[in-house]
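Worth saying up front: this structure is predicted, and the values here are computed from it rather than measured.
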Amino acid sequence: GREFPRVVRSVYLIVRDPGRAEDLSQEAFIQLFRHWKKVSAYERPEAWVRRVAIRLATRHARRERTRGELERRTALPRQDVEGGFDVLDALRELSMKQRAAIVLHYYEDRPIDEVAQILDCSENTVKSHLHRGRASLRVLLADGEEGHHGE
């Protein structure tokens, strides 16, 4: 029961669309029930459902990303009213895998090995996504901070 909102939140951080996050999370839970016989035997069924949700989210986001790529190449990163750059905007500038790694590791407190399982890659790859992602965020957020230091 309490698992659903947490899955929705993770998915939202990847797809950035509350309605879509709900749909994708529901889809993951539908798959959970469909495979319940098998999954209920796992040590952590909630990890399975989250993995499915994240996979659906990254697939969706990748499609959206391809669609928006051309528009985004010609657009500057969006600044909010005060000229600051918010974390969600900064996250959106990262690659799909970097964004997912950062969300899972920092927002969800998942250990590296679990992130590697969810993203279906090696732990070294996760570390490199996190490292590059953090470096990009630092640059993006520093750019947005200018003019705020004297306050």
Side-chain angles (χ1 to χ4, degrees), residues 1-80 84-141 143-144:
R2 340 165 290 202
E3 210 47 42
F4 187 70
R6 292 181 18 214
V7 171
V8 172
R9 192 193 62 187
S10 305
V11 171
Y12 170 72
L13 286 166
I14 293 171
V15 300
R16 300 285 320 269
D17 171 336
R20 192 48 53 77
E22 291 253 335
D23 293 347
L24 291 165
S25 302
Q26 262 160 4
E27 174 62 31
F29 275 88
I30 289 167
Q31 290 191 29
L32 172 70
F33 293 121
R34 202 175 291 145
H35 300 286
W36 183 245
K37 254 201 191 94
K38 185 181 72 176
V39 178
S40 59
Y42 294 169
E43 206 178 305
R44 302 183 49 211
E46 74 281 359
W48 185 91
V49 78
R50 184 178 274 110
R51 192 156 50 238
V52 170
I54 296 286
R55 211 166 276 154
L56 291 169
T58 50
R59 205 171 297 149
H60 168 79
R62 206 172 293 130
R63 276 197 306 269
E64 289 296 300
R65 182 189 197 94
T66 313
R67 189 174 304 145
E69 198 68 57
L70 288 168
E71 301 162 30
R72 264 204 289 290
R73 278 206 186 128
T74 55
L76 292 164
R78 183 167 62 80
Q79 297 279 310
D80 68 27
F85 199 79
D86 84 357
V87 178
L88 289 174
D89 279 329
L91 271 174
R92 192 169 49 204
E93 300 296 312
L94 303 182
S95 81
M96 207 44 261
K97 293 280 192 185
Q98 284 172 16
R99 186 190 318 173
I102 281 180
V103 165
L104 291 166
H105 187 61
Y106 294 106
Y107 286 81
E108 293 208 347
D109 273 341
R110 291 177 180 287
I112 302 273
D113 61 330
E114 205 176 313
V115 176
Q117 262 182 345
I118 292 173
L119 295 181
D120 222 8
C121 61
S122 75
E123 294 184 27
N124 282 336
T125 304
V126 170
K127 287 176 189 163
S128 120
H129 288 322
L130 290 170
H131 179 76
R132 289 205 201 103
R134 276 198 314 267
S136 302
L137 284 176
R138 212 171 292 126
V139 172
L140 290 163
L141 293 168
D143 285 352

Could you grab the distance from atom [atom1] of [X] to atom [atom2] of [Y], nearest 0.5 Å is fine?
X: Cys121; Y: His129; atom1: SG; atom2: NE2; answer: 5.0 Å
X: Asp120; Y: Ile54; atom1: CG; atom2: CD1; answer: 13.0 Å
X: Lys38; Y: Leu32; atom1: NZ; atom2: CG; answer: 11.0 Å
X: Arg16; Y: Ile14; atom1: CZ; atom2: CD1; answer: 12.0 Å
X: His131; Y: Ser136; atom1: NE2; atom2: OG; answer: 9.5 Å
X: Leu91; Y: Leu13; atom1: CG; atom2: CG; answer: 7.0 Å

Closest heavy-atom contact between [X] and [Y]?
X: Val11; Y: Ala57; value: CG1-CB, 3.8 Å
X: Leu24; Y: Leu56; value: O-CD1, 3.7 Å
X: His35; Y: Trp48; value: CD2-CH2, 3.8 Å

Margin query: One pair to check against side chain to side chain contact (heavy atoms under 4.5 Å, CB included): Phe4 and Gln26. What are the steps and the verdict?
Written below: CA-CA 8 Å; Phe4 187 70; Gln26 262 160 4; 4.0 Å; yes
Margin query: side chain to side chain contact (heavy atoms under 4.5 Å, CB included), that's the test. Do Glu93 and Arg99 meet it? Break it down for me.
Written below: CA-CA 9 Å; Glu93 300 296 312; Arg99 186 190 318 173; over 6 Å; no
Margin query: Under a 3.5 Å distance rule, please check whether Lys97 uses its side chain to pair with a backbone N or O of Leu119 as donor and acceptor.
Written below: yes
Next item on the list: Walk me through it: do Val52 and Glu27 pass the test side chain to side chain contact (heavy atoms under 4.5 Å, CB included)?
Entry: CA-CA 9 Å; Val52 170; Glu27 174 62 31; over 6 Å; no
Next item on the list: Please test Leu130 against Ile112 for side chain to side chain contact (heavy atoms under 4.5 Å, CB included), starting from the C-alpha separation and ending with a verdict.
Entry: CA-CA 10 Å; Leu130 290 170; Ile112 302 273; 3.4 Å; yes
Next item on the list: Return each pair, listed once, that meets salt bridge (Lys or Arg N to Asp or Glu O under 4.0 Å) where at least one residue sits in residues 39-61; pairs must be two or more places apart or across chains.
Entry: Glu3-Arg50, Arg44-Glu46, Arg44-Glu114, Arg50-Glu108
Notebook entry, point to check: Are Ser25 and Tyr12 side-chain neighbours, meaning at least one heavy-atom pair lies under 4.5 Å?
Noted result: no
